[in-house]
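The structure appears below as structure tokens.
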Amino acid sequence: MKIQIINGPNLNLLGRREPGIYGSSSFEEYLPKLRSKYPDIEIDYYQSNIEGELIDKMQEVGFCCDGIVLNAGAYTHTSIALCDCIRSLKAPVIEVHISNVHQREEFRHHSMISQACKGVICGFGLDSYRLAVEAFLS
């Protein structure tokens, strides 16, 4: 099984950015733990702050991997282009968020991409990614 994790804008700052919301661990610190928990799964990782690059990556892998775990960051709430891209892929996409977006600002309560995704996981910190992997396994 091959799973692609894609993180959007500002998630390269995990561990430094608002640790009260996003925790004190970077994704680069978390990823080896996730990979060691699932040694039989190829887990690839990509991050970009640029919407078009996220789309390019999803189009590159979305026809050959078994699933995409997508944390689109703020683009979750604004990007019709990401939604259209997700709909065009063969691979299912699970939307993840580290924080519980429904406990935050009103504008974060609506996702432009959820309707195109297989499911949504939010509010479990970095463990949201593990839960997404588990969803692909079940």
Side-chain angles (χ1 to χ4, degrees):
M1 177 174 270
K2 182 175 181 177
I3 294 176
Q4 175 72 54
I5 296 173
I6 299 177
N7 275 345
N10 300 308
L11 292 165
N12 56 308
L13 297 177
L14 288 175
R16 296 180 286 167
R17 173 189 178 208
E18 300 179 90
I21 295 173
Y22 299 106
S24 58
S25 180
S26 71
F27 199 81
E28 288 74 14
E29 293 169 332
Y30 173 74
L31 186 57
K33 297 172 189 172
L34 185 64
R35 285 178 172 151
S36 70
K37 185 164 180 65
Y38 302 99
D40 296 332
I41 299 174
E42 182 181 338
I43 299 175
D44 292 327
Y45 174 60
Y46 179 80
Q47 188 277 328
S48 177
N49 293 317
I50 302 170
E51 182 179 29
E53 290 181 2
L54 298 173
I55 291 168
D56 288 344
K57 187 63 174 180
M58 286 195 294
Q59 289 178 354
E60 175 190 324
V61 302
F63 296 94
C64 59
C65 71
D66 297 297
I68 297 172
V69 177
L70 174 64
N71 185 339
Y75 290 134
T76 299
H77 318 291
T78 62
S79 183
I80 295 167
L82 283 174
C83 181
D84 288 347
C85 176
I86 293 165
R87 285 186 171 147
S88 72
L89 304 175
K90 177 184 169 205
V93 176
I94 296 179
E95 175 186 346
V96 300
H97 300 283
I98 295 166
S99 67
N100 182 346
V101 293
H102 302 288
Q103 292 179 334
R104 299 187 61 198
E105 303 94 338
E106 183 70 30
F107 71 88
R108 295 187 196 274
H109 296 184
H110 180 73
S111 169
M112 298 297 288
I113 65 173
S114 292
Q115 61 186 314
C117 292
K118 178 178 180 165
V120 179
I121 298 169
C122 71
F124 295 97
L126 290 174
D127 204 37
S128 295
Y129 295 89
R130 181 192 61 79
L131 294 170
V133 171
E134 286 290 331
F136 283 126
L137 290 173
S138 62

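All figures in this text were calculated on a predicted structure; none of them were measured in a lab.
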Ala91 and Cys65: which non-hydrogen atoms are nearest, and at how many Å?
CB-O, 3.6 Å
Determine, step by step, whether Ile113 and Val93 satisfy the side chain to side chain contact (heavy atoms under 4.5 Å, CB included) criterion, reporting the C-alpha distance in whole Å, the side-chain angles of both residues, the deciding distance to 0.1 Å, and the verdict.
CA-CA 10 Å; Ile113 65 173; Val93 176; over 6 Å; no
Do Asp56 and Tyr46 have side-chain N/O donor and acceptor atoms under 3.5 Å apart?
no
Met112 versus Thr78, closest heavy-atom pair with distance
CG-N, 3.7 Å
Taking every non-hydrogen atom, the tightest pair across Tyr30 and Asp127:
OH-CA, 4.0 Å
Is Tyr75 reaching over with its side chain to a backbone N or O of Leu82, donor-acceptor style, under 3.5 angstrom?
no
Under 3.5 Å, is there a donor-acceptor pair between the side chain of Ser48 and the main chain of Leu54?
no
Mark yes or no for whether Tyr129, through its side chain, and Ile98, through its backbone, hold a donor-acceptor pair below 3.5 Å.
no
Do Glu95 and Thr76 have side-chain atoms, one donor and one acceptor, less than 3.5 Å apart?
no
Minimal non-hydrogen separation, Phe136 against Met1, with atom names:
O-CE, 3.7 Å
Looking at every non-hydrogen atom in both residues, tell me the closest pair between Asn100 and Cys122 and how far apart they are.
OD1-SG, 3.9 Å
Report yes if some heavy atom in the side chain of Gln4 is under 4.5 Å from a heavy atom in the side chain of Lys57; otherwise report no.
yes
Over all atoms of both residues, closest heavy-atom pair of Ile55 and Ala81
CD1-CB, 3.7 Å
What about Ile6 and Leu31, same hydrophobic cluster or not, with Ile/Leu/Val/Met/Phe/Trp/Tyr joined at side-chain heavy-atom distances under 4.5 Å?
no
Assigning hydrophobic clusters by single linkage (Ile, Leu, Val, Met, Phe, Trp, Tyr; side-chain heavy-atom cutoff under 4.5 Å), is Val61 placed with Val96?
no
Is the closest side-chain donor-acceptor distance between Gln47 and Asn49 under 3.5 Å?
yes
